[in-house]
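Only one structure is covered here, and it is reproduced in the block below.
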Amino acid sequence: MKQEIKRLPSSELAVMQVLWEAGGPVTSAYVCGKLEKTKNWKITSVLTFLSRLAKRGFVGVTREGRENIYSVVISEGEYLRRESKTVLERLYGNSVTAFVSSLYDSKSIGREDLRELRDFLDKVEREGRQ
């Protein structure tokens with residue numbers, strides 16, 4: 001049985017996105033530098049988020065000299081797969097049709113998006129994957 005992955009609050013998700021984009025272990029200073037353009041967080045806030053992520057098992061922490069080095073434990077793909085499945089189950093009764101219909105009705109997606117989805121479904125069908 002796979003370990004349950006908890007949904008991340010938006011602040012911790014922003015930190016994880018920096019870590020995922022980094023593609024390897026980084027320092028808290030690196031994370032702060034990447035977030036300073038979009039967030040007005042102090043280093044203490046970023047350290048708190050990193051600590052929470054480590055406790056939840058999303059990141060690993062190693063000590064190198066006087067710095068902590070943070071590395072991804074849960075990949076972006078794994079998080080997105082689990083989060084997508086949870087949203088689909090909780091909000092749409094596991095109905096992809098209800099989900100897509102909701103997006104279309106709210107004008108979050110348009111005809112071009114639907115064409116892309118149709119092309120994807122056709123490709124999956126051709127490959128014989130279910």
Side-chain angles (χ1 to χ4, degrees):
M1 183 171 150
K2 288 191 175 189
Q3 169 193 5
E4 183 180 334
I5 296 176
K6 300 282 186 192
R7 184 174 207 191
L8 293 173
S10 59
S11 55
E12 292 173 24
L13 182 57
V15 171
M16 282 304 298
Q17 288 171 326
V18 169
L19 295 172
W20 287 324
E21 288 173 9
V26 296
T27 63
S28 56
Y30 175 88
V31 175
C32 283
K34 289 292 186 177
L35 291 171
E36 72 184 358
K37 297 170 189 152
T38 58
K39 308 289 183 190
N40 191 21
W41 294 338
K42 296 182 181 187
I43 184 71
T44 54
S45 297
V46 173
L47 290 171
T48 298
F49 299 143
L50 286 166
S51 176
R52 288 180 191 162
L53 289 165
K55 285 180 185 172
R56 290 185 181 160
F58 279 85
V59 300
V61 185
T62 55
R63 189 92 171 152
E64 288 185 16
R66 298 176 69 180
E67 288 188 308
N68 284 338
I69 307 297
Y70 299 90
S71 56
V72 170
V73 173
I74 304 292
S75 73
E76 183 177 21
E78 180 67 14
Y79 179 74
L80 291 176
R81 278 189 296 278
R82 299 254 184 113
E83 186 66 13
S84 298
K85 187 175 184 321
T86 300
V87 167
L88 190 63
E89 288 171 352
R90 282 186 27 229
L91 300 179
Y92 298 97
N94 230 7
S95 170
V96 174
T97 302
F99 175 61
V100 173
S101 177
S102 174
L103 291 172
Y104 186 75
D105 292 345
S106 67
K107 297 182 171 73
S108 296
I109 61 172
R111 293 195 182 278
E112 182 58 31
D113 298 307
L114 293 176
R115 273 192 285 281
E116 286 180 23
L117 179 58
R118 185 175 293 115
D119 290 345
F120 172 76
L121 294 173
D122 290 344
K123 178 183 173 194
V124 169
E125 195 169 87
R126 280 192 307 273
E127 293 173 355
R129 188 172 144 210
Q130 293 183 8

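Along the sequence shown, residues are numbered consecutively beginning with 1.
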(message) Is it the case that the side chain of Ser106 and the backbone of Ser102 share a donor-acceptor pair, with hydrogens and angles ignored and the cut-off at 3.5 Å?
(response) yes

For residues 16-33, tabulate all N or O donor-acceptor pairs below 3.5 Å that involve a side-chain atom, not counting sequence neighbours.
residue : atom : partner : partner atom : Å
Trp20   : NE1  : Ile74   : O            : 2.9
Thr27   : OG1  : Ala29   : N            : 3.4
Thr27   : OG1  : Tyr30   : N            : 3.1

(message) Tell me every residue that passes salt bridge (Lys or Arg N to Asp or Glu O under 4.0 Å) with Arg115, counting only those two or more places apart in sequence or in another chain.
(response) Glu112

(request) Could you pull out all residues at least two apart from Ser10 that satisfy side chain to side chain contact (heavy atoms under 4.5 Å, CB included)? (result) none

(request) For Tyr104, check side chain to side chain contact (heavy atoms under 4.5 Å, CB included) against everything at least two apart and list the hits. (result) Ile109, Arg111, Leu114

(request) Mind checking the OG-CZ spacing from Ser51 to Arg56? Nearest 0.5 Å is all I need. (result) 10.5 Å

(request) Not counting sequence neighbours, which residues clear side chain to side chain donor-acceptor pair (under 3.5 Å) with Arg63? List them please. (result) Asn68

(message) Give me the atom names and distance for the closest heavy-atom approach of Ala54 to Val61.
(response) CB-CG2, 3.7 Å

(message) Once side chain to side chain contact (heavy atoms under 4.5 Å, CB included) is applied, do any residues pair with Ser84, and if so which ones, sequence neighbours excluded?
(response) none

(message) Run the side chain to side chain donor-acceptor pair (under 3.5 Å) test against Thr62 and tell me which residues pass, sequence neighbours left out.
(response) none

(message) Can you list everything that forms a ring-ring contact (aromatic ring centres under 6.0 Å, His included) with Tyr70? Sequence neighbours excluded, please.
(response) none

(request) Nearest 0.5 Å please: distance from the CG atom of Leu80 over to the CD atom of Glu83. (result) 8.5 Å

(request) State plainly whether one hydrophobic cluster holds both Ile69 and Val46, where clusters connect Ile, Leu, Val, Met, Phe, Trp and Tyr through side-chain heavy atoms under 4.5 angstrom apart. (result) no

(request) Output, in order, the C-alpha distance, side-chain angles, deciding distance and verdict of side chain to side chain donor-acceptor pair (under 3.5 Å) for Thr97 and Ser95. (result) CA-CA 5 Å; Thr97 302; Ser95 170; 4.6 Å; no

(request) Evaluate the criterion side-chain contact (heavy atoms from CB on, under 4.5 Å) for residue pair Lys85 and Asn94; output intermediate values, then yes/no. (result) CA-CA 8 Å; Lys85 187 175 184 321; Asn94 230 7; 5.5 Å; no

(message) Tell me whether the count of non-hydrogen atoms from other residues, nucleotides or ligands lying under 6.0 Å of CG in Asp119 goes above 12.
(response) yes

(message) Which residues pass the salt bridge (Lys or Arg N to Asp or Glu O under 4.0 Å) test with Lys39, not counting sequence neighbours?
(response) none

(request) Look up atom CZ in Arg126 and atom CG in Leu121, then write down how far apart they are to the nearest 0.5 Å. (result) 10.5 Å

(request) Sort and list the pairs that fulfil salt bridge (Lys or Arg N to Asp or Glu O under 4.0 Å) and have at least one residue in residues 98-108, not counting sequence neighbours. (result) none

(request) Name all residues meeting the salt bridge (Lys or Arg N to Asp or Glu O under 4.0 Å) criterion together with Glu67; count only those two or more places apart in sequence or in a different chain, and write none if there are none. (result) none

(request) Indicate the atoms forming the closest heavy-atom contact of Leu50 with Val59, along with that distance. (result) O-CG2, 3.9 Å

(message) According to side chain to side chain contact (heavy atoms under 4.5 Å, CB included), who are the partners of Arg90, at least two apart in sequence or on a separate chain?
(response) Arg7, Thr86

(message) Testing the basics here: between Trp41 and Ser11, what is the closest heavy-atom pair and its distance to 0.1 Å?
(response) CH2-O, 3.5 Å

